[in-house]
Amino acid sequence: MKIVVLAGGTSTERDVSIVSGTGICGALRQKNHQAILVDVFCGLENVDWADPFPESYDVEQAVSYIKSFNTRIEELKKSRKEFFGPNVLELCKKADFVFLGLHGSNGEDGRLQAVFDLMGIPYTGTGYLSSAMAMDKGVTKAMFQMRGVPTPGGKAMKKKDRVETPQELGLDFPVVVKTCCGGSSIGVYIVDNQADYTKALDGAFTYENEVVVEEFVEGTEYTVAVVDGKAYPVVQIVPVQGFYDYENKYKPGAVKETCPAPISEELTRRLQEYAVEGYHALEMESYGRLDFIVTKDEKIYCLEANTLPGMTPTSLIPQEAAVLGMDYPTLCEELIRVSMKKYE
């Protein structure tokens, strides 16, 4: 297949997306697909339109080209009105399929998916509506509550309606303050006093104009991928120190990730069932990953859903797939296969 792997973009997760895209493109090349790596925002200035998907291709050269824009992203955002970079849409229209290696805003939030739907461009992952709902943690929480998926109590708050104490929201310390639409735990704060709560709001609002404040649930983190409506093996996540924040997520050795999780069959079954229920509550298609906290007395709380989960060397879906006997390149093909069902 002729495949465009889209990566990069303008979100706070740009660097992670580049790593995901690099791995995906290389893996698809190993499977003899004519895959090319393209930055969705910075695009590709010089395209050989006689052969845009060449048999021979240097992935690392493409990565270097994408990274050359890293220091200029903010400058480009100010000078350009259009999100899609040079030749991006043209290449995507010529491809058989587009693999979305994007994370965060303008890639995972449904806007790109809506454009592709209107243009008839097939892509990996779920559609625009479920992408938008899952990206917004306030909407996700409301959908989970409506569909009976257990989730920590909390409320969304806009900057103009800032509430200065958690007690006014019906919550007591400790609480979690987090950006409504951020990812990779960027802009997440766990606070247990008023001074830190005020600082956390200040910090979270530098990223976005809406945040979620929710009760802090102490426990162990787990994650479960759902692919084509079926739950993959459970991963247990134990940070060496602190919590599962951005640094711990992408720093090798910063967390102990065990798959399958060393838990009872009963807890495994419940986590997988809630993962599938959360997947359907957000009307997800193709694949996604749901994150959980489990307390000492085995109460389960679903924290959020990821519609384009990471595909880096330390990411979680590849670990789950490996337990099922599926290597990384085969997983990439499988995600394309299940995504193609949207177009049957």
Ionic contact status for Lys341 with Glu285, cut-off 4.0 Å: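 Looking at Lys341 together with Glu285, the answer is no, because their closest N to O distance does not fall below 4.0 Å.
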Under a 3.5 Å distance rule, please check whether [X] uses its side chain to pair with a backbone N or O of [Y] as donor and acceptor.
| X | Y | result |
| --- | --- | --- |
| Arg270 | Glu265 | no |
| Gln113 | Gly107 | yes |
| Asp228 | Val338 | no |
| Ser131 | Asp109 | no |
| Ser11 | His103 | yes |
| Gln319 | Ser315 | yes |
| Glu215 | Gly153 | yes |
| Glu277 | Tyr274 | no |

Could you see if [X] belongs to whatever hydrophobic cluster contains [Y]? Use Ile, Leu, Val, Met, Phe, Trp, Tyr and a side-chain cutoff under 4.5 Å.
| X | Y | value |
| --- | --- | --- |
| Leu44 | Leu37 | yes |
| Phe144 | Val213 | no |
| Tyr301 | Val176 | no |
| Val191 | Val163 | yes |
| Leu290 | Val212 | no |

Give me the atom names and distance for the closest heavy-atom approach of [X] to [Y].
| X | Y | result |
| --- | --- | --- |
| Met311 | Tyr328 | O-OH, 2.7 Å |
| Gly125 | Ser286 | O-OG, 3.2 Å |
| Val40 | Val88 | O-CG2, 3.6 Å |
| Leu282 | Met133 | O-CE, 3.2 Å |
| Gly8 | Ile18 | CA-CG1, 4.0 Å |
| Gly288 | Ile317 | O-CD1, 4.2 Å |

Can you check whether [X] reaches [Y] side chain to side chain, under 4.5 Å on heavy atoms?
| X | Y | value |
| --- | --- | --- |
| Gln194 | Pro166 | yes |
| Thr223 | Val235 | yes |
| Glu108 | Asn306 | yes |
| Lys137 | Leu303 | no |
| Lys141 | Pro152 | yes |
| Pro52 | Ile36 | no |
| Lys299 | Val217 | no |
| Tyr232 | Val226 | no |

Partners of [X] by salt bridge (Lys or Arg N to Asp or Glu O under 4.0 Å), sequence neighbours excluded?
| X | answer |
| --- | --- |
| Glu320 | none |
| Glu273 | Arg269 |
| Arg162 | Glu164, Asp202 |

Between Ser17 and Ser20: side-chain donor-acceptor atoms closer than 3.5 Å: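 No, because no side-chain N or O of Ser17 sits under 3.5 Å from a partner of the opposite role on Ser20.
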Lys342 to Tyr123 six-membered ring, cation-pi geometry met (6.0 Å, 45°):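 Yes, Lys342 and Tyr123 form such a contact.
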Partners passing side chain to side chain donor-acceptor pair (under 3.5 Å) against Asn106 (at least two apart in sequence or in another chain):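 Residues passing side chain to side chain donor-acceptor pair (under 3.5 Å) with Asn106: Thr10, Arg111.
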With Ser130 via side chain to side chain donor-acceptor pair (under 3.5 Å) - residues at least two apart: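 Scan of Ser130 (side chain to side chain donor-acceptor pair (under 3.5 Å), adjacent residues dropped) gives Thr126.
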May I have all residue pairs that pass salt bridge (charged side-chain N to carboxylate O under 4.0 Å, His left out) and include part of [range], sequence neighbours excluded?
| range | answer |
| --- | --- |
| residues 143-158 | Arg147-Glu283, Lys158-Glu210 |
| residues 87-104 | none |
| residues 33-54 | Arg14-Asp39 |
| residues 64-86 | Glu74-Lys77 |

Parallel, tilted or perpendicular: ring planes of Phe41 versus Phe83, cut at 30 and 60 degrees: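 Because their plane-to-plane angle lies in the 30° to 60° range, the rings of Phe41 and Phe83 count as tilted.
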So with a 6.0 Å cut-off around [atom1] of [X], is the heavy-atom count from everything else above 12?
| X | atom1 | result |
| --- | --- | --- |
| Asn193 | CG | yes |
| Glu218 | CD | no |
| Met340 | CE | no |
| Met146 | CE | no |

With Ala204 via side chain to side chain contact (heavy atoms under 4.5 Å, CB included) - residues at least two apart: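 Expected list: Val177, Thr179, Tyr189, Val211.
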Residues forming a side chain to side chain contact (heavy atoms under 4.5 Å, CB included) with Thr124, sequence neighbours excluded: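 Result, side chain to side chain contact (heavy atoms under 4.5 Å, CB included) vs Thr124: Phe97, Phe99, Leu100, Tyr287, Ile336, Ser339.
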Inter- and intrachain pairs under ring pair (Phe, Tyr, Trp, His ring centres under 6.0 Å), touching residues 47-71, at least two apart: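 Qualifying pairs, neighbours excluded: Tyr65-Phe69.
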Nearest-0.5 Å distance, OH of residue Tyr222 to CD1 of residue Ile263: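 These two atoms lie 5.0 Å from each other.
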